[in-house]
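None of these values were measured; they are calculated from a predicted model.
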Amino acid sequence: MNYCQECQVSVNGEWLSCPLCHQPLEKVSDMPTPNPYPDIPLRFNKQQVLRILTSISIATISIALIIELLFLRSPRGLNIISFGIVSMWLVVLIIIRKRRNIAKSIVYLIISLSLLSIYWDYVEGWSAWSTTHAVPMICIFALIAMYIAVRLVKIEVGDYILYLLCAALIGLIPAIFLFFNWVTDPVPAWLSIGLSTIMLIVTFIFYRGEVLRELKKRMMV
Amino acid sequence: MKRKNWVRLDNASNIFLASVTDFDTKVFRLSATLEEAIDPILLQLALDKNFEAYPLYRSVLRRGVFWYYLEESDLKPQVQLDEQPPCSQLYHFDRKELLFRVVYYQNRIHLEVFHALSDGTGAMWFFEDLLSEYVFLQNDFVSAEISKESSQSERVVDSEHTDSFIHHFRHKGQRSYAVATQSAIRKLAGASKTAGKFALNYGKKAMQYEMTDKEKKKKRKKVYQIKGKRTIDNRTHVVELNMSVQPVLKLAHEQNASLTIYLTALFIEAIRKTNPIVEDGMTIAVSVPVNLRQFYDSTSARNFFSTTHLEYTYDPSEKTNLAVICKTLKEQLQQQLSSNSLETRLNKLIAYEFNPLTRVIFRPIKDGILKIINYFNNRRLTFAMSNLGSVHLPQSIDEKVHQFYFQTSAVRPQFCVISHQDYLSICLNSPFVETTLYKQFVRDLTALGVAITISANKIDGLELRGEQN
């Protein structure tokens with residue numbers, strides 16, 4: 001046991017200086033009493049790593065942009081690069097934030113990537129490639145991806161069923177594109193509508209009770 | 001497939017979720033020391049057995065559109081070696097995990113609980129039963145080695161000594177998940193809608209009345225905030241003080257105060273001594289939780305406490321001493337513990353829980369609002385103290401358990417008090433590196449003749465490395 005003359009306290013553990021006043025301790029007995037608080041190494045400092053990674057990314061991105069601006073002088077390339085960067089960050093952030101819920105992260109990805117592609121199309125002078133190809137394709141493959149993911153990871157039905165339902169409902173949105181004639185080729189939109197409808201019917205037949213229970217739980221007022 | 005039970009989390013517990021941060025994890029820790037080093041296998045057995053009797057502890061926290069809810073889970077708790085800083089995060093966003101953990105180190109058993117699940121008193125029930133179970137198992141094993149017969153007779157004696165009434169009575173109310181997980185306030189209100197409406201009106205009136213009178217006064221006050229440098233990895237800085245109850249009680253009685261009031265007053269003085277600007281008319285405000293079970297008949301293991309707000313304003317023209325502070329605090333506490341004042345407070349809580357407006361607000365918005373409320377609450381406080389009082393165990397177990405300790409994660413410097421037999425433990429918790437305030441508080445106590453032994457956790461790399469060399 002060690003003793004601090006200044007604070008007049010006995011100190012448990014192998015402290016050399018007083019934990020309160022940081023003055024050297026006096027040894028009272030040779031038998032050190034163990035500290036009930038184990039030495040726990042500093043935890044990994046996440047924030048710092050994230051900060052470093054972000055600054056490196058920003059530096060790389062700015063260099064790429066400067067090269068693009070000064071030497072290639074093509075505004076279209078600049079557009080593509082910046083949209084690429086935005087979608088990269090979007091995907092990374094969504095995956096990090098929703099990493100514990102695959103189904104939810106897929107729904108978030110469908111929505112954000114679709115909106116991003118529509119905006120991109122709009123900025124580039126609207127050739128309707130986003131509503132014709134991009135959005136329906138995102139919807140179709142996201143549904144397939146979600147189906148595979150929930151099978152592989154084996155999450156409970158209750159945990160993904162509402163997100164599957166959401167994704168299937170979003171997959172019906174290309175019907176609006178068809179209705180307003182925002183498409184140059186109707187096939188992808190029809191494919192998306194078809195797959196979504198099948199998913200909805202399957203969900204309705206097999207998982208109706210589960211969906212209602214989950215809705216009741218989550219919408220509890 | 002077995003359908004999972006679930007229950008909505010009450011508003012009172014929602015505030016804990018809204019105010020969780022990396023350094024203020026809203027986790028508290030109850031610890032006890034036994035004679036010998038803890039046997040993890042026995043502890044696991046005791047935990048498994050005890051876990052059965054407490055359905056509330058099976059819950060995981062989920063997020064709905066309007067509310068958080070507790071869902072029954074199949075997860076099984078595992079005892080762990082103490083390898084994380086005290087009161088480390090228990091609830092992680094989107095992850096299904098139990099809201100408590102049982103940890104051991106040397107001869108200590110720790111129970112850490114997320115505050116949205118239960119309060120100190122509720123958790124103490126679980127902890128006491130866990131300790132009893134452990135001690136029983138341990139004794140059985142010891143006697144089994146000597147002779148089987150004697151073990152049996154010992155068992156009989158043991159169960160006679162156990163205050164089984166308390167133990168069984170508690171369990172009875174908690175067998176079913178739905179009952180165990182219900183909010184304590186809802187239980188008290190009988191969950192009737194009329195009660196809710198009545199309480200809403202009553203609560204509103206009471207609130208208006210309270211606002212006009214009290215708020216005006218509060219605005220002029222400058223509440224002192226303790227500032228400091230955060231620990232590197234957000235761990236809670238702990239300095240644990242161990243002493244004998246009697247000398248401190250004697251000191252408190254000399255000032256005609258309870259232990260809670262006396263220690264609070266001492267801490268207020270320590271703050272003044274370390275920060276001279278306080279003397280120029282600043283207010284030191286402290287929040288002290290009060291267990292409502294002592295006023296209302298409730299066996300709920302859920303959160304059931306109210307907080308009292310005590311404060312002392314230094315007047316530069318007057319000379320203050322400990323006695324004056326004790327007297328002021330005592331009067332404030334008595335006033336807030338009057339049945340009238342408690343009733344108002346409880347009605348307000350019921351009103352919140354049943355308020356149709358707060359019900360339909362989306363949960364993320366609710367969280368935001370609660371965060372703001374919490375921010376302003378924090379601004380009105382200098383520190384917090386919590387006293388769990390004196391722990392009494394059934395006789396046969398009482399001898400085997402030496403000392404209890406109690407601490408929480410901290411958003412600001414604060415302290416927790418608990419006693420058992422003649423041992424008093426005060427845990428000073430803080431998110432800051434600095435020890436000036438702790439030092440002052442401890443020196444004030446030792447100067448009064450109290451013998452103190454301290455233990456502390458290491459908070460920076462230098463300390464950790466320095467010790468290894």
Side-chain angles (χ1 to χ4, degrees), chain A residues 1-23 25 28 32-48 96-105 155-159 162 207 209-210 213-221, chain B residues 1 3-4 6 8 22 31 33 62-67 69 71 81-86 88 92-96 105-108 232-235 238-242 356 359-360 405 435-436 438-439 442-443 445-447 451-461 463-464 466-468:
Chain A
M1 181 95 71
N2 293 330
Y3 190 80
C4 173
Q5 283 296 348
E6 310 285 328
C7 300
Q8 303 197 332
V9 290
S10 311
V11 182
N12 280 331
E14 291 159 355
W15 290 86
L16 301 173
S17 61
C18 173
L20 292 172
C21 65
H22 310 293
Q23 301 292 323
L25 291 174
V28 176
T33 41
N35 189 356
Y37 292 91
D39 291 355
I40 291 157
L42 287 181
R43 291 179 278 192
F44 178 59
N45 198 333
K46 270 184 202 163
Q47 278 150 349
Q48 208 175 347
I96 290 177
R97 188 155 167 82
K98 303 280 167 210
R99 66 184 176 280
R100 295 189 189 104
N101 196 334
I102 300 173
K104 199 195 259 178
S105 71
I155 41 182
E156 281 173 41
V157 181
D159 290 345
L162 283 189
Y207 300 111
E210 204 65 41
R213 257 198 302 285
E214 280 300 309
L215 273 179
K216 197 175 154 206
K217 191 154 73 180
R218 289 180 203 213
M219 303 297 283
M220 168 88 183
V221 176
Chain B
M1 195 185 77
R3 244 174 249 164
K4 281 176 178 164
W6 57 275
R8 199 183 83 183
D22 286 342
S31 325
T33 42
R62 311 291 314 273
R63 297 177 305 152
V65 176
F66 299 104
W67 295 90
Y69 56 89
E71 192 179 65
L81 189 66
D82 197 5
E83 280 169 334
Q84 278 178 302
S88 288
H92 295 86
F93 176 78
D94 262 358
R95 213 187 282 176
K96 277 191 202 171
Y105 183 69
Q106 294 169 352
N107 58 348
R108 284 195 188 195
I232 306 171
D233 60 350
N234 291 328
R235 69 176 62 184
V238 188
V239 176
E240 173 198 293
L241 319 177
N242 294 308
R359 283 179 180 206
V360 292
Y405 312 86
T435 48
T436 333
Y438 292 173
K439 185 181 77 187
V442 173
R443 285 185 179 181
L445 264 174
T446 48
I452 297 178
T453 302
I454 68 168
S455 305
N457 70 340
K458 287 172 189 162
I459 49 156
D460 66 29
E463 273 174 358
L464 286 163
E467 289 298 311
Q468 275 157 11

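In this structure, the side chain to side chain donor-acceptor pair (under 3.5 Å) partners of B:D82, at least two apart in sequence or on a different chain, are B:R29. Listed by chain and number, the residues in a side chain to side chain donor-acceptor pair (under 3.5 Å) with B:T453 amount to none (sequence neighbours excluded).
Contacts between B:Y438 and chain A at a heavy-atom distance below 4.5 Å involve backbone atoms as well as side-chain atoms. The part of B:Q106 that comes within reach of chain A is its side chain, from C-beta onward, which places non-hydrogen atoms under 4.5 angstrom from that chain.
The candidate with the highest count of non-hydrogen atom pairs below 4.5 Å against chain A, out of B:N107, B:N242, B:V239, B:V238, is B:V238. When each of A:N35, A:N101, A:T33 is checked for heavy-atom pairs under 4.5 Å with chain B, A:N35 comes out on top. Interface remark: of the candidates A:G13, A:P19, A:G158, A:P36, A:P36 forms the most heavy-atom pairs closer than 4.5 Å to chain B.
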Does B:R108 form a side-chain contact (heavy atoms from CB on, under 4.5 Å) with A:Y37? I'd like the steps, not just the answer. CA-CA 10 Å; B:R108 284 195 188 195; A:Y37 292 91; 4.1 Å; yes
Report the C-alpha distance between B:T435 and A:H22 in whole Å, list the side-chain angles of each, state the deciding distance to 0.1 Å, and finish with yes or no for side-chain contact (heavy atoms from CB on, under 4.5 Å). CA-CA 9 Å; B:T435 48; A:H22 310 293; 3.4 Å; yes
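Between the NZ atom of A:K217 and the CZ atom of B:R62 there is a distance of 6.5 Å, given to the nearest 0.5 Å. Between atom CZ of residue A:R213 and atom CH2 of residue B:W6 there is a gap of 11.5 Å, rounded to the nearest 0.5 Å. Considering CG of A:N12 and CD of B:E240, their distance stands at 7.5 Å, rounded to 0.5 Å.
For the pair A:I40 and B:N457, the minimum side-chain heavy-atom distance is 4.5 Å or more.
For the side-chain contact (heavy atoms from CB on, under 4.5 Å) test with B:K439, the passing option among A:C18, A:C21, A:C4 is A:C21; the others fail.
Remark: the backbone N or O of A:C7 is paired with a side-chain donor or acceptor of B:T446 at under 3.5 angstrom.
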